[in-house]
Amino acid sequence: MNRMRDMQMERDTRNIAIDKVGVKDIRYPIVVMDKNKDQQHTVARINMYVDLPHHFKGTHMSRFVEILNQYRGEITMRNMGGLLQAMKDRLNASCAHIEMDFPYFIEKQAPVSKARSLMEYRCCLRGTLDEEKDFVLVVEVPLTALCPCSREISERGAHNQRSSVTVEVRMDKFIWIEDLISWIEECGSAPVYALLKREDEKAVTEEAYDNPMFVEDIVRAATLKLKSVPEITWFRVECENFESIHNHSAYAMVEFPPRTEGANTTPEP
């Protein structure tokens with residue numbers, strides 16, 4: 001039987017190295033550390049890439065999926081380093097990248113009725129391994145923001161916005177997703193809940209009115225909070241307010257320390 005040609009390993013003569021090549025948007029089950037229940041099983045959308053030297057025609061796409069299958073049931077933040085190393089080894093690469101975007105659910109209690117419900121948060125784990133490891137945790141937290149200017153100039157009421165705060169952090173020690181979400185929720189006019197009864201709506205509305213926030217206020221409050229957490233070595237916090245009376249969004253961002261000054265790597269938790 002004739003041996004099949006390995007087209008990917010054939011020589012390319014254009015002398016162009018590729019920074020990232022791989023597979024995107026694989027839906028796959030993963031396990032996330034849960035502060036209250038030890039583990040939470042969820043489904044991630046996974047992107048996997050490696051670098052490709054200029055002299056190779058292509059990479060072996062099937063090997064990415066094979067590596068995921070080898071780690072089936074064991075894909076966690078704690079073993080991302082091993083998964084990245086397997087990508088480098090199997091694909092003869094000098095650098096490997098993985099991105100895992102997933103929903104994470106936390107049970108929240110309404111402020112007055114104490115009604116319980118599950119709140120969804122969008123999270124992402126990003127890992128890179130070349131000579132050293134780099135891990136970033138990303139969490140998107142919805143908030144309510146009430147405009148200070150509107151409250152000041154209006155005779156009745158003030159306009160509210162739904163806010164989306166995206167925080168990216170590098171850590172030198174493990175921190176819980178729940179804690180990161182809680183820190184950010186403290187930085188808006190009021191939190192967002194999946195379930196509110198009438199008495200809860202009254203309480204949340206009045207909380208927001210008593211705590212007006214510009215988009216600038218939210219990112220500054222988040223910056224002060226994240227700077228106070230010794231486990232965090234670098235962060236970027238972005239806030240987008242989806243305006244209720246304007247045909248645009250308001251936006252602010254703080255990165256600390258600036259990327260040119262921050263550390264490039266963090267140990268695996």
Side-chain angles (χ1 to χ4, degrees), residues 3-33 43-102 123-139 166-175 177 231-236 255-269:
R3 186 174 181 178
M4 299 178 68
R5 288 175 59 188
D6 188 343
M7 297 289 294
Q8 286 87 350
M9 296 301 292
E10 292 188 359
R11 179 165 292 275
D12 193 280
T13 59
R14 287 165 285 189
N15 199 34
I16 300 174
I18 297 177
D19 296 325
K20 288 183 179 181
V21 58
V23 295
K24 293 191 68 173
D25 205 21
I26 301 175
R27 291 175 179 259
Y28 211 83
I30 66 169
V31 179
V32 184
M33 302 295 291
V43 177
R45 301 172 76 110
I46 299 179
N47 303 330
M48 304 171 72
Y49 317 109
V50 293
D51 64 329
L52 184 69
H54 69 86
H55 51 273
F56 288 131
K57 189 172 186 64
T59 194
H60 295 85
M61 299 293 182
S62 62
R63 294 182 185 177
F64 292 103
V65 181
E66 287 176 345
I67 292 167
L68 279 182
N69 287 331
Q70 290 172 1
Y71 278 79
R72 179 165 40 191
E74 301 176 358
I75 300 176
T76 68
M77 187 173 181
R78 293 186 181 277
N79 63 17
M80 280 182 66
L83 196 154
L84 287 163
Q85 186 62 56
M87 291 166 60
K88 287 181 64 176
D89 294 342
R90 288 290 309 280
L91 291 149
N92 299 312
S94 61
C95 185
H97 310 268
I98 190 166
E99 301 165 355
M100 299 190 292
D101 184 279
F102 57 92
C123 302
C124 182
L125 293 173
R126 297 202 302 257
T128 297
L129 178 62
D130 42 29
E131 291 81 11
E132 297 180 327
K133 304 171 187 174
D134 181 36
F135 294 96
V136 177
L137 171 63
V138 185
V139 177
T166 301
V167 58
E168 306 173 45
V169 298
R170 289 187 173 94
M171 316 164 266
D172 60 9
K173 291 183 181 178
F174 178 79
I175 61 173
I177 291 175
E231 294 83 358
I232 295 176
T233 60
W234 170 90
F235 65 83
R236 179 190 292 117
E255 182 175 348
F256 183 85
R259 185 172 295 275
T260 54
E261 300 175 14
N264 290 324
T265 61
T266 56
E268 185 176 6

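Numbering starts at 1 and runs along the sequence shown. Here the structure is a predicted model, which is why all the values come from computation and not from measurement.
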Item to check | Sequence-distant partners of D19, salt bridge (charged side-chain N to carboxylate O under 4.0 Å, His left out), two or more places apart | outcome: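 For D19, no residue satisfies salt bridge (charged side-chain N to carboxylate O under 4.0 Å, His left out) once neighbours in sequence are set aside.
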Does some side-chain heavy atom of [Y] sit less than 4.5 Å from a side-chain heavy atom of [X]?
X    : Y    : result
M80  : K133 : no
L137 : L125 : yes
V21  : M61  : yes
T59  : Y49  : no

Checklist entry - Between the main-chain N or O of D25 and the side-chain N or O of N47, is there a donor-acceptor pair closer than 3.5 Å? => result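 Checking the backbone N and O of D25 against the side chain of N47, a donor-acceptor pair under 3.5 Å is found.
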Residue list, side-chain contact (heavy atoms from CB on, under 4.5 Å) with [X], at least two apart or on another chain:
X    : answer
V138 : C124, R126, V136, T166, E168
V43  : R27
I175 : V169, M171, W183, E231, I232
A44  : I30, I46, M100, F102

Item to check | Donor on one side chain, acceptor on other, D172 and T233, under 3.5 Å | outcome: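 D172 vs T233: no donor-acceptor pair found between side chains.
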Quick one: [atom1] on [X] to [atom2] on [Y], what's the gap to the nearest 0.5 Å?
X   : Y   : atom1 : atom2 : answer
R45 : K24 : CZ    : NZ    : 10.0 Å
L83 : I98 : CG    : CD1   : 4.5 Å
N92 : H60 : CG    : NE2   : 8.5 Å

Checklist entry - Which residue pairs pass the salt bridge (Lys or Arg N to Asp or Glu O under 4.0 Å) test with at least one member in residues 79-101, sequence neighbours excluded? => result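 Passing the test, one end in residues 79-101: E66-R90, D101-R122.
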For [X] against [Y], the heavy-atom pair lying closest together:
X   : Y   : value
I75 : P29 : CD1-O, 4.2 Å
A86 : I67 : O-CD1, 3.7 Å
C95 : H97 : SG-NE2, 3.4 Å

Item to check | Residues that F235 engages under ring-ring contact (aromatic ring centres under 6.0 Å, His included), provided they are two or more places apart | outcome: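 Partners of F235 by the ring-ring contact (aromatic ring centres under 6.0 Å, His included) criterion, ordered by chain and then number, come out as F256.
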Next on the checklist: Restricting to ring-ring contact (aromatic ring centres under 6.0 Å, His included), what partner residues turn up for Y28, sequence neighbours left out?
Outcome noted: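 ring-ring contact (aromatic ring centres under 6.0 Å, His included) check on Y28 returns nothing, list empty.
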